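Computed over heavy atoms, backbone and side chain alike; hydrogens, waters and symmetry mates excluded. Please read all numbers here as calculations on a predicted model, not as lab measurements. Counting starts at 1 for both ligands and their atoms, following the listed order.
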Amino acid sequence: MALYSEKVMDHFQNPRNVGKMDDASGVGEVGNAKCGDIMKMYIKVEDGIIVDCKFNTFGCGSAIATSSMATELIKGKPIEEALELSNQAVVEALDGLPTHKIHCSVLAEEAVKAAVKDYYDKNGIEYDKEKFAQTHDCDHCAE
Ligand code: FES
């Protein structure tokens with residue numbers, strides 16, 4: 001079996017929604033201290049819906065594929081739904097990732113959350129701080 005699914009290879013080679021957004025409603029930047037990879041996520045929100053989403057990832061192929069898939073999954077969705085996006089959902093949508101690459105998907109989840117948090121902060125919207133607690137749950141990057 002190939003190490004990476006066709007979907008992972010597709011999103012790595014043809015990442016969706018790459019770029020910068022000048023008029024973003026929220027921007028989130030996260031990094032993985034261990035591997036040094038960085039992900040920046042931009043969301044544009046209108047009437048509570050994420051109407052556009054872009055990302056830039058300075059990182060590994062799995063980080064690129066997971067951030068690409070994450071943008072696809074949250075685009076057009078209510079902002080609360082984006083907040084519920086888990087790294088497992090991103091991995092499932094990509095038909096899996098090798099175990100040692102799961103932490104890359106955690107970065108995608110955290111980038112989305114950071115962008116939502118920035119949007120809430122900028123607009124003075126109250127939110128449950130628990131939802132933004134550190135979400136790291138893998139052995140590879142929590143060290
Ligand atoms: Fe760092 Fe994938 S190795 S995010």
Task: Heavy-atom gap K101 to ligand 1 smaller than 4.0 Å - done: yes
Task: Pairs meeting criterion ring-ring contact (aromatic ring centres under 6.0 Å, His included) with involvement of residues 104-124, two or more places apart - done: Y120-Y127
Open item on the list: Quick one, N32 with H103, criterion side-chain contact (heavy atoms from CB on, under 4.5 Å). Give me CA distance, side-chain angles, the key distance, then yes/no.
Closed with: CA-CA 9 Å; N32 181 316; H103 73 277; 3.2 Å; yes
TODO: Could you tell me whether the side chain of D118 and the main chain of V27 form a donor-acceptor pair under 3.5 Å?
DONE: yes
Return all side-chain donor-acceptor pairs below 3.5 angstrom for residues 44-60, not counting sequence neighbours, or 'none' if the list is empty.
{"from": "K44", "atom 1": "NZ", "to": "D23", "atom 2": "OD2", "distance (Å)": "3.3"}
{"from": "N56", "atom 1": "ND2", "to": "G19", "atom 2": "O", "distance (Å)": "3.3"}
{"from": "T57", "atom 1": "OG1", "to": "S67", "atom 2": "OG", "distance (Å)": "2.9"}

Open item on the list: For the backbone of E130 and the side chain of D128, can you confirm whether one donor and one acceptor N or O come within less than 3.5 Å of each other?
Closed with: yes
Open item on the list: Using a cut-off of 2.8 Å, how many protein N, O or S atoms sit around atom 1 (Fe) of ligand 1?
Closed with: 2
Could you pull out every donor-acceptor pair under 3.5 Å between side chains of residues 72-81 and any protein atom, sequence neighbours left out?
{"from": "E72", "atom 1": "OE2", "to": "N17", "atom 2": "ND2", "distance (Å)": "3.2"}
{"from": "K75", "atom 1": "NZ", "to": "N17", "atom 2": "OD1", "distance (Å)": "2.9"}
{"from": "K77", "atom 1": "NZ", "to": "L73", "atom 2": "O", "distance (Å)": "2.9"}

